[in-house]
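The structure appears below as structure tokens.
Letters go in sequence order (proteins before strands), and every chain restarts at 1.
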Amino acid sequence: MWGFYFNELMRSLPFFLKGLWMTVAVSGLSLVFGSIIGFFGGIMRAGRNKPARIIVGVWVDLIRGTPFLVQIFVIFFILPGIGIELDAFPAAVIALTNLTASFITEIVASGILAVPKGQREAATASGLSHYQQLRFIVLPQAMRTIMPPLVGQYVLLVKDSSVVSAIGVVDITRVGWLTVQRIPEGLMVFGLVGLLYFAICYPLINLSGFLERRMTVASTRL
Amino acid sequence: MISFKNVNKWYGELHVLNSIDLEVAHGEVVVVCGPSGSGKSTLIRCINRLEPIQQGELIVDGMKVHDKKSNMTKIRAEIGFVFQSFNLYPHMTALENVTIAPIRVRKIHKKEAEKLGKETLIRVGLGDRINHHPAQLSGGQQQRVAIARGLGMRPKIMLFDEPTSALDPEMINEVLDVMRDLAKEGMTMMVVTHEMGFAREVASRVVFMDEGKIIEVAPPN
Amino acid sequence: MLEGFNFRIILEYMPLYMQCFLATLWLSGLSLLGAVVVGVIACAMRLSQSRILRGIAGVYIETIRSTPLLAQLYFFYFGLPSMGIMFPEWLTGVIALTLNSGAYYAEIIRAGIQAIDFGQIEAGIASGLSYFQRMRYIILPQALGNTIRPMLGQAIILVKDSSLLSLISIMELTRAGQVLTSERFTPAEGFLTTAAFYLIIYYMLKAFSGWSEKRLIFREAH
């Protein structure tokens, strides 16, 4: 029986690969948009404008204080109520982008605030504008602190993307869920699901750790 | 060149600058000294508005620093500032540290700025280190790059906030030598320092401060 | 939309929400306890002299970290029955949450212990303290101080993760929102109320984290 199920599973591989592609697509798009929004958010969060800091802070808190599943349901089910009809895929990307952006905002803000105050004073003394300071002096140095947790956040993004299966997006998890209905070998099916996620996440985790070690070594040399 | 008229500054309850009246003429070298907490660093940091003042008038090269509407970029372009902890940009080479402001603030062409930057670095004795990063330089060399960075903007005034206090003793002289040369060439300078030997040699006046007030202004003796 | 916000419906369903709120609390609480226990054991294995123990713990931790919680949840939900083990849903959910957070706790505790300056341990050895005395007076108190914040952070994550239990039909906060939405077609009232309850838990945990940090800093002072 087990052998039969195994063969069935192997025949479903193309379906799993489609799911893999969907996971990569949803994660990839959210990664790009989330990073862009997150960087701007982080700059605002670490900036001089108090109202901007507070608004961004409240937004980040709301995202961090509620489960992602609830956020997806809010976006998918409530937005149509105010006139925005959304398919599952765009809703998923929006929700995931929103989630990623809020975490990256905090990461970027921490990185910016970690740059020594003297750097900004020297730049101010030379007459560099606020924008010039950010671009040439602060951000390049902040990137050192930002990179490792940023890559770590990308790992979390891929894992969180599994939740979009709840609104029907056919990603790896959903493929597993659909497959297990006709191949009732949960261990095998979700073992495969796990393997596919592992293949994406494990290298990313190691990259993050590598970057973190490199950063520590470099700064102790300074 | 620099004019303090009844300048007052508070940090909360603390009266850090108390009724400061001071005139620094073109070409003068003024040394400011006093005990820790006397307000001497605060005094020069107000000149390019790294710190704001609450009362009084502060006029630099004819421009009103105390006026919130003043164009600080224009004012700061005429003032070179050297910090106690150097504050060099670690991700840039010595040359880049010197040229970034001329390129971005004075809008000078990169090639032109690099030519001028090299000259300035040679002037402070670091012609062979222009492509080094701060991490590859000694403390004394870093501070000289910082001076070159200040000079890079061809300013009318150079301000020094305890430039040698963070240096090992054997490196203090190389920095003071550069400062001595600058003074001899007629640069308007204001220096906060404990190096009284330097003051005796090049200062036109020495300002003594304590608890936010100017106690005495005298020729170096 | 807010004019039509129907507070009456929320009031009507409040008993359900309260029941589910309590369910979320005790499901999370139970899993939290289990996770701490699992985390301590896994960490001890990870730091032990035995290569086998280190290996097992390593595989466990890396697998959990590189795969999504939802996939792990489905793995147990569909996998256990296929092995003939029939657990009630809530137990499956608690097992999944426990094993998931357990791996993260193992890493948090390990990081907390390794962050302690070795010089202090050397000082302890030099003054003649035994292994257990060093553990008791030098290592564990500092490890506690290091880890309280990340452990509470993981607790917040665990509470949010418990929302996934709604997908295996467990009656908790998110499910309450789903029920209200499907019975009355009011996703806004349904999910925003759910979100509000989660935010209550979030802010309570945040406040507790702040309070406990203050108490610990006081202890470190002497």
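Between A:Leu128 and B:Arg76, every side-chain heavy-atom pair lies at or beyond the 4.5 Å cut-off. For the pair B:Pro90 and A:Gln119, the minimum side-chain heavy-atom distance is below 4.5 Å.
For B:Leu50, the part lying near chain A is the side chain, with the backbone staying farther off; criterion is any non-hydrogen pair under 4.5 Å. With a threshold of 4.5 angstrom between heavy atoms, B:Met72 does not approach chain A through any atom at all. Only the side chain of B:Arg45 comes within less than 4.5 Å of a heavy atom in chain A; its backbone stays farther off. Interface residue B:Tyr89: backbone and side-chain heavy atoms are both found under 4.5 Å from chain A. For chain B, the nearby parts of A:Glu121 are the backbone and the side chain; heavy atoms of each come within less than 4.5 Å. Only the backbone of B:Leu88 has a heavy atom closer than 4.5 Å to any heavy atom of chain A. Heavy-atom distances place the side chain of B:Arg149, and not its backbone, under 4.5 Å from chain A.
Surrounding CZ of A:Phe33 are at most 12 heavy atoms belonging to other residues, nucleotides or ligands under 6.0 Å away. Shown here is A:Phe198, whose CZ atom has more than 12 heavy atoms of other residues, nucleotides or ligands within 6.0 Å. Atom CH2 of A:Trp21 is surrounded by 12 or fewer heavy atoms from other residues, nucleotides or ligands within 6.0 Å. The number of heavy atoms from other shown groups lying within 6.0 Å of CG (A:Asn206) is above 12. Atom CE of A:Met147 has 12 or fewer neighbouring heavy atoms from other residues, nucleotides or ligands inside a 6.0 Å radius.
Highest contact tally toward chain A, considering only B:Asn48, B:Val105, B:Ile100, is held by B:Val105 [criterion: heavy-atom pairs under 4.5 Å]. Residue with the most contacts toward chain B among A:Ala125, A:Ala123, A:Ser126: A:Ala125 (heavy-atom pairs, distance under 4.5 Å).
The distance from atom CZ of B:Arg104 to atom OH of A:Tyr131, rounded to the nearest 0.5 Å, is 8.5 Å. The distance from atom NE2 of B:His91 to atom CE of A:Met143, rounded to the nearest 0.5 Å, is 12.0 Å.
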